[in-house]
Amino acid sequence: MQHLTLEALARLVDEAPTPQESVHVRDCILCRRELEAMRGDLAELREMDDSDPPLTAWADLEARLVDEGLVRGRAPAAAAPFAHPWLRAAAVAAVFVLGGAAGAALWSARAGTTVAAADGGAMLPGASAALPTRTVESGPSTPPLLVMEEPAPVAASAGARLAANGEARPAPAPRRAAPPTPAISGAARELARAEAEYLAALQRYAELADPASGADPQSRLAALDRLVEVTRSALDRAPGDAAINGYHLAAVRERDALRRQVERARAEENWF
Amino acid sequence: MEDNELVQKARLGDAGAVRALYQRHARRVFAVVRRLAGDDTLAEDWAQEAWVRAIRALPTFRGDSQFTTWLHRIAVNSALHGRRSRERKAGRETVMDDNLATRSPGDQTVLRLRLQKAMDQLPEGMRRVLVLHDVEGYTHEEIGEMLGINPGTCKSQLFKARGKMRLLLSPAPALEGVETCNT
């Protein structure tokens with residue numbers, strides 16, 4: 001008997017099979033597997049997350065609404081540079097330390113485990129058996145982040161001081177502990193460095209993206225290129241990490257949107 | 001502040017109220033437009049068009065339905081009737097970083113990106129039906145009305161779209177090249 005066509009299988013995703021089709025699907029592992037795969041595709045499609053428009057979308061829309069007389073004046077500027085959901089979520093402390101695979105291993109409730117800070121000082125990671133944490137819903141398009149209630153113990157770098165809700169907070173005093181094992185301290189140092197680089201790049205981009213800054217598109221593009229580079233580098237350290245994957249993809253998307261905007265503006269200038 | 005209160009203010013040209021509505025619903029609007037457009041550049045244009053149409057039409061919003069439902073319909077219509085004034089760019093360097101696809105194949109983020117990329121590659125008619133039915137949850141009758149086709153044609157397009165998606169998502173589908181089975 002011939003296999004069922006893909007269209008026939010697609011119909012069976014949400015319609016009842018004929019008696020012959022029912023027997024075939026029951027007995028044919030290939031058709032049954034394809035049908036199950038299609039049902040899986042449908043389930044994923046139904047759960048697809050919403051996506052963020054480019055950061056510049058509101059500014060462009062507002063300008064048009066003002067031109068057309070649909071609004072009076074401009075809306076008050078966003079108070080914080082991290083107004084965009086993914087920027088705000090990504091600025092939370094320990095985004096790499098807890099999100100990264102290496103970081104997760106470090107925090108796996110090993111009492112007395114030490115973490116080497118970016119500056120080489122040794123610190124305890126807090127109450128390793130019961131770290132005070134909370135889950136931050138960073139938005140539908142990014143997975144929830146597990147955030148420490150206290151600033152990250154590796155917060156020795158300037159970039160990491162931007163931790164916790166986008167506000168500058170002083171780094172906690174390091175507590176002396178036994179020297180860390182080389183493997184753990186090396187991984188922690190790398191992750192801490194990646195986190196600091198990421199937060200610094202993010203802060204730089206957020207400053208330039210603020211309409212009040214007056215920054216030109218090329219400067220913003222350069223800042224986004226840096227963000228993409230840093231997140232890609234972080235992925236080398238933690239390739240399976242969903243949070244870092246998400247931030248990298250968001251940065252790539254934002255950069256591509258800005259590139260298109262710059263190209264469009266250039267094309268309009270050179271229309272002749 | 002509830003949507004209806006913001007709408008009242010936005011009708012009077014209050015930029016802050018319009019911005020608040022935008023911040024609340026921009027992701028939803030962009031998502032549905034992006035899926036229908038199959039292209040980032042078009043999605044940006046059409047999403048902006050959707051918002052402009054919605055703000056223009058605010059005086060006609062009576063509150064019989066939820067603002068989200070009303071706005072969603074405007075976004076869908078904008079995407080379905082959007083003019084392709086810009087050339088679509090194929091093979092752009094964008095979200096599908098190849099390194100990610102090989103690094104974490106089981107990751108939900110990558111899977112959903114693959115779904116989006118596959119949808120982008122569907123012929124426009126198939127993509128519209130798939131997005132409206134399987135992603136956005138419209139019925140065949142509603143889709144038929146939106147697209148000017150009968151529900152039977154809509155179903156047929158949907159089944160073709162699902163089959164094509166399977167081919168795009170699976171480089172070597174189990175049934176390809178295997179004509180018969182033992183049953």
Side-chain angles (χ1 to χ4, degrees), chain A residues 1-11 13 23-24 27-28 30-31 33-34 37-38 41-42 44-54 57-58 60-62 64-66 68-76 85 140-141 232 235 239-240 242 245-246 248-249 252-253 256-257 260 264, chain B residues 10 13-16 18-19 22-23 26-31 34-35 40-41 44 47-48 51-52 55-56 92-95 97 99-100 103-104 107-113 115-116 130 134-135 137 155 158-167 169-170 173-175 178-183:
Chain A
M1 181 183 172
Q2 294 282 341
H3 287 296
L4 297 179
T5 62
L6 286 175
E7 276 183 52
L9 289 169
R11 177 172 51 78
V13 169
V23 168
H24 180 87
D27 295 339
C28 174
L30 293 180
C31 287
R33 196 179 294 159
E34 281 299 303
M38 275 198 195
D41 294 343
L42 179 60
E44 286 297 328
L45 285 172
R46 287 185 175 149
E47 295 296 318
M48 280 186 85
D49 300 325
D50 290 342
S51 39
D52 292 313
W58 166 250
D60 293 341
L61 173 63
E62 187 180 39
R64 190 167 159 196
L65 293 175
V66 168
E68 296 195 16
L70 292 169
V71 296
R72 297 189 309 270
R74 299 201 177 250
S141 66
R232 184 175 287 137
L235 281 174
N245 267 296
H248 176 69
L249 294 170
V252 167
R253 194 185 300 137
D256 289 352
R260 282 194 296 277
R264 269 203 296 269
Chain B
D14 183 329
V18 171
R19 182 180 183 138
Y22 176 85
Q23 285 180 325
R27 296 182 78 241
R28 187 80 271 274
V29 167
F30 187 75
R34 174 58 183 83
R35 285 166 196 151
D40 286 334
T41 305
E44 287 162 29
Q48 188 187 94
W51 276 103
V52 172
I55 302 304
R56 277 192 203 128
R92 72 186 68 81
E93 164 196 12
T94 182
V95 185
D97 185 326
N99 287 335
L100 291 173
R103 278 177 176 150
S104 51
D107 186 78
Q108 285 300 309
T109 305
V110 173
L111 173 60
R112 287 179 190 171
L113 285 169
L115 280 170
Q116 180 64 64
L130 185 87
D134 285 356
V135 183
K155 269 193 194 179
L158 176 65
F159 301 150
K160 288 188 175 120
R162 284 175 178 171
K164 183 99 173 133
M165 282 286 284
R166 195 83 286 281
L167 286 175
L169 289 169
S170 173
L175 298 178
V178 182
E179 291 183 351
T180 60
C181 55
N182 292 327
T183 60

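Proteins get letters first, then strands, A, B, ... in listed order; numbering begins at 1 in each.
Chain A forms the most heavy-atom pairs under 4.5 Å with one residue out of B:I55, B:V135, B:V29, B:V52, and that residue is B:V52. For the set B:Q48, B:M165, B:Q116, the count of heavy-atom pairs under 4.5 angstrom toward chain A peaks at B:Q48.
Taking the six-membered ring for Trp and thresholds of 30 and 60 degrees, A:H24 and A:H3 have ring planes more than 60 degrees apart, a perpendicular arrangement.
Only the side chain of A:R64 comes within contact range of chain B, with at least one heavy atom under 4.5 Å from a heavy atom of that chain. Using a 4.5 Å cut-off between heavy atoms, A:L65 touches chain B through its side chain atoms alone. Looking at B:A26, both its backbone and its side chain come within 4.5 Å of chain A, counting heavy atoms on both sides. Neither the backbone nor the side chain of B:K164 comes within contact range of chain A; no heavy atoms are under 4.5 Å apart. There is no contact between A:A8 and chain B, counting heavy-atom distances below 4.5 Å. Heavy-atom distances place the side chain of A:E68, and not its backbone, under 4.5 Å from chain B.
At a threshold of 4.5 Å between non-hydrogen side-chain atoms, the residues B:R27 and A:S51 do not count as touching. Under the 4.5 Å side-chain criterion, counting only non-hydrogen atoms from C-beta, B:L158 is in contact with B:L130.
When every heavy atom of A:L6 is checked against every heavy atom of B:G163, the shortest pair comes out as CD1-O, 3.7 Å. Between A:M38 and A:L9 the shortest heavy-atom distance is SD-C, 3.9 Å.
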- [ ] Walk me through it: do B:R166 and A:D41 pass the test salt bridge (Lys or Arg N to Asp or Glu O under 4.0 Å)?
- [x] CA-CA 8 Å; B:R166 195 83 286 281; A:D41 294 343; 2.7 Å; yes
